[in-house]
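Here is the structure we will look at, set down as C-alpha cells.
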Amino acid sequence: MANEEKIALTGDRPTGKLHLGHFVGSIQTRLKLQNESDMSFYMVADIQALTDNSENPDKVRNNVLEVALDNLACGIDPKKTTMFIQSQIPEIAELTVLFLNLVTLARLKRNPTVKDEMKQKGFGEDVPAGFLAYPISQAADILFCKSNLIPVGEDQLPVIEQVNEIVLKFNSLYGETFQKVKPVLSQTTRLVGTDGNSKMGKSLNNGIYLSDSYEEISKNVMNMYTDPKHIHVNDPGNVEGNVVFTYLDIFDDNKKEVEELKEQYKKGGLGDVVIKKRLIEVLEKLIKPIREKREELAKDPKKVMKILEDGTKKAREIAKETMIEVRKAVKIDYF
Ligand code: ATP
Ligand code: MG
C-alpha cells in the first residue's frame, strides 16, 4: 500500500464564480502540483455545496460550469488534471457512509472550520446534518482516489486534520488501507475581503472575481477599506490593516516601489486615490488574460461539460478499485 506516489486533489464548491482568494490560496498551488505530482485531480464539490444550499439546486447546478471555466482559464489542463463532478461518483457517497461511523458528533461540533461557518451562516442547533458532517464527506473525496497532497486555504486546515484522524481510525480498525494526507499551503493562506474583514468569500459579498471587467475591478478597488483616519492627503496614514496595501504586498511585483509608497503614506502626503489607481492596474494585469481566456472557453459550454464527463469516467474507475479494497477491509464483500 505505502507508496511514494504524489497524488494531488483539490476542488471548489459550485456556489459562485471564483475570486482572487481562490487564486492565491489554492489555484496557484494547483497549477504547480499538476506539473509536479504523479496524478492530479480537480473536483467540483456539488454535493458539498448542497449541504448548505439544498433549497437552491439551480444555483449549484449553474455554478458547476462557472468554477470549471475559472479553473481552465487559470491554466488547469485537463490532460494533466482529471476534472470531475463529485455527485457523479456514487462510491464517494458509499465511502462517506462508512466513515460516518468513525467520527463522533462531539468531534464534528468541535471542528473550528465548521463552527466558524455555522456561525457565519446563522445555523444553530438547526444545522443540516449533512453540513455538520461535510468534513467526513471531504475525507471520502480525498481518499477515494488515495490522494495525499491537498492544496487548500488556511480555513480548511482543521478539515484536513479531521481527515487524518479518519485515516488512522480506519487503518487501526480494518488494516492499513489509506495514507495520511498533507495540506499544501500557498504563500497567502487567507486573503482578506475588500471590506477588510474576515476572508474573501463567495458567500460574503466582498470579492474581486477572476471574471471581473476592468470597470468592476475599478469600482471594487475604489470602494476598498483603507484607513478611516486618513481623511486628507496630508494626514499620516496607517498601512497595517489597510486592504489596498495588503493587496499591493501580495499582487504588485515591484516590492521596492510598494515599500516607498508605504513610507510616504505613513508620513502623509499620499492620497488613497493614487494607491488605488496603482492597485487597479496591478489587478487588471493579472485578471485580464484569465478573463479573456474564460470568455473564449465560455463560448463552448458543451466542450467544458465534456471535459468534466470524461474526467468523471476516469475518476470513477479509480473509485471502483478503491471500493473493492475498502469493502474487503470492512468485510462487506459478500458476492
Ligand atoms: P463559500 O463561501 O461558498 O464557502 P469560498 O469562497 O469559501 O466559498 P470554497 O469553494 O469553499 O470557496 O473554497 C475553495 C478553496 O479556496 C478552498 O481550498 C479554500 O480554502 C480556498 N479559499 C477560499 N477563499 C479563500 C481566501 N479568501 N483566501 C485563501 N484561500 C481561500
Ligand atoms: Mg468555503
Side-chain angles (χ1 to χ4, degrees), residues 8-33 40-56 59-64 66-71 74 76 83 85-86 111-123 127-128 130-131 134-135 137-138 141-142 147 149-163 181-212 220 224-225 243 246-247 249-251:
L9 179 135
T10 52
D12 299 302
R13 293 156 36 94
T15 51
K17 292 178 183 171
L18 301 185
H19 50 60
L20 288 174
H22 297 108
F23 188 75
V24 293
S26 182
I27 294 177
Q28 282 181 316
T29 323
R30 296 173 192 178
L31 292 172
K32 200 163 154 268
L33 283 181
S40 166
F41 293 90
Y42 168 76
M43 182 183 78
V44 182
D46 59 342
I47 292 287
Q48 190 185 119
L50 282 168
T51 62
D52 57 324
N53 291 281
S54 55
E55 75 300 340
N56 210 345
K59 170 177 158 190
V60 173
R61 183 173 179 121
N62 296 335
N63 281 305
V64 168
E66 302 297 340
V67 295
L69 281 171
D70 281 319
N71 276 275
C74 286
I76 293 295
M83 300 177 79
I85 305 179
Q86 184 187 22
N111 185 310
T113 304
V114 176
K115 253 179 157 169
D116 267 8
E117 291 178 348
M118 274 172 64
K119 208 190 276 164
Q120 199 194 91
K121 291 172 204 294
F123 294 142
V127 59
F131 185 82
Y134 95 69
S137 115
Q138 201 157 309
D141 302 334
I142 292 170
S147 57
L149 295 174
I150 319 295
V152 283
E154 186 189 65
D155 62 300
Q156 289 294 311
L157 286 179
V159 177
I160 302 297
E161 200 180 310
Q162 206 165 353
V163 172
V181 310
K182 264 213 315 253
V184 185
L185 287 171
S186 65
Q187 255 179 335
T188 308
T189 56
R190 179 185 292 256
L191 184 70
V192 293
T194 50
D195 52 2
N197 285 317
S198 124
K199 79 179 215 339
M200 185 177 282
K202 293 191 216 95
S203 319
L204 299 169
N205 225 346
N206 61 2
I208 293 181
Y209 290 82
L210 299 173
S211 45
D212 275 354
N220 254 318
M224 242 179 204
Y225 183 85
V243 183
T246 306
Y247 281 38
D249 275 338
I250 297 168
F251 297 104

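Just so it is clear, the values below take in all heavy atoms, side chains as well, and ignore hydrogens, waters and symmetry mates. None of these values were measured; they are calculated from a predicted model. Order of appearance sets the numbers: ligands from 1, and atoms from 1 within every ligand.
Looking at Ser147, its side chain does come within 3.5 Å of a backbone N or O of Ile142 through a donor-acceptor pair. Of the possible donor and acceptor atoms, none in the side chain of Gln162 sits under 3.5 Å from a partner among the backbone N and O of Asn111. No donor-acceptor distance shorter than 3.5 angstrom exists from the side chain of Arg190 to the backbone of Gly21, with no hydrogens or angles considered. Looking at Thr113, its side chain never comes within 3.5 Å of a backbone N or O of Gln156 through a donor-acceptor pair. Side-chain atoms of Asp212 come within 3.5 Å of backbone N or O of Tyr209 as a donor-acceptor pair. In this structure a side-chain-to-backbone donor-acceptor pair under 3.5 Å is present from Asp70 to Leu18. With hydrogens and angles disregarded, no donor-acceptor distance shorter than 3.5 Å links the side chain of Tyr225 to the backbone of Gly193. Listed for the Thr194 side chain is a donor-acceptor partner under 3.5 Å among the backbone atoms of Asn206.
Judged by the shortest distance from any of its heavy atoms, His19 lies inside the 4.0 Å radius around the atoms of ligand 1. Taking a 4.0 Å cut-off on heavy atoms, Thr189 registers as neighbouring ligand 1. The closest approach between Ala45 and ligand 1 stays at or above 4.0 Å for every heavy atom of the residue.
Looking at Gly153 next to ligand 1, an N or O pair under 3.5 Å apart turns up. In terms of polar-atom proximity, Thr188 is not counted as a contact of ligand 1, lacking any N or O under 3.5 Å from an N or O of the ligand. Not a single N or O atom of Gln156, backbone or side chain, sits closer than 3.5 Å to an N or O atom of ligand 1. For Met200, a nitrogen or oxygen atom sits less than 3.5 Å from a nitrogen or oxygen atom of ligand 1, counting backbone and side chain alike.
The single protein non-hydrogen atom nearest to atom 19 (C) of ligand 1 is Asp155 OD1, 3.5 Å, given as residue, atom name and distance. Among all non-hydrogen protein atoms, the one lying nearest atom 2 (O) of ligand 1 is Ser203 OG, 2.6 Å. Among all protein heavy atoms, the one lying closest to atom 31 (C) of ligand 1 is Gly21 O, 3.6 Å. Of all protein heavy atoms, the one lying nearest to atom 14 (C) of ligand 1 is Asp12 OD1, 3.4 Å. In terms of protein heavy-atom proximity, atom 28 (N) of ligand 1 is nearest to Leu191 N, 2.9 Å. Among all protein heavy atoms, the one lying closest to atom 4 (O) of ligand 1 is Arg13 NE, 3.2 Å. Of all protein heavy atoms, the one closest to atom 9 (P) of ligand 1 is Lys202 NZ, 3.4 Å. His22 NE2, 2.8 Å is the protein heavy atom nearest to atom 12 (O) of ligand 1.
Salt bridge Asp116/Lys199: absent, no basic N to carboxylate O contact under 4.0 Å. Salt bridge present: Arg13 and Asp52 bring a charged side-chain N and a carboxylate O closer than 4.0 Å.
For ligand 1, the atoms closer than 4.0 angstrom to any heavy atom of Gly201 are 6 (O). Every atom of ligand 1 is numbered from 1 in the order shown, and the set under 4.0 Å from a heavy atom of Gly25 is 29 (C), 30 (N). Near Arg190, with a cut-off below 4.0 Å to any heavy atom, the atoms of ligand 1 are 28 (N), 29 (C). Taking a cut-off of under 4.0 Å to the non-hydrogen atoms of Gly11, the atoms of ligand 1 that pass are 14 (C). Listed by number with element, the atoms of ligand 1 under 4.0 angstrom from any heavy atom of Thr15 are 3 (O).
Annotation for Lys182: atom NZ does not count as buried by contact number, only 12 or fewer foreign heavy atoms lying within 6.0 Å. Within 6.0 Å of atom CD in Gln187, 12 or fewer heavy atoms from other residues, nucleotides or ligands are found, so the atom counts as exposed in its surroundings.
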Check: Would Glu161 and Leu157 satisfy side-chain contact (heavy atoms from CB on, under 4.5 Å), going step by step from the backbone distance to the final call?
Finding: CA-CA 6 Å; Glu161 200 180 310; Leu157 286 179; over 6 Å; no
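Between atom 7 (O) of ligand 1 and the options Lys199, Glu117, Arg30, the minimum heavy-atom separation is to Lys199.
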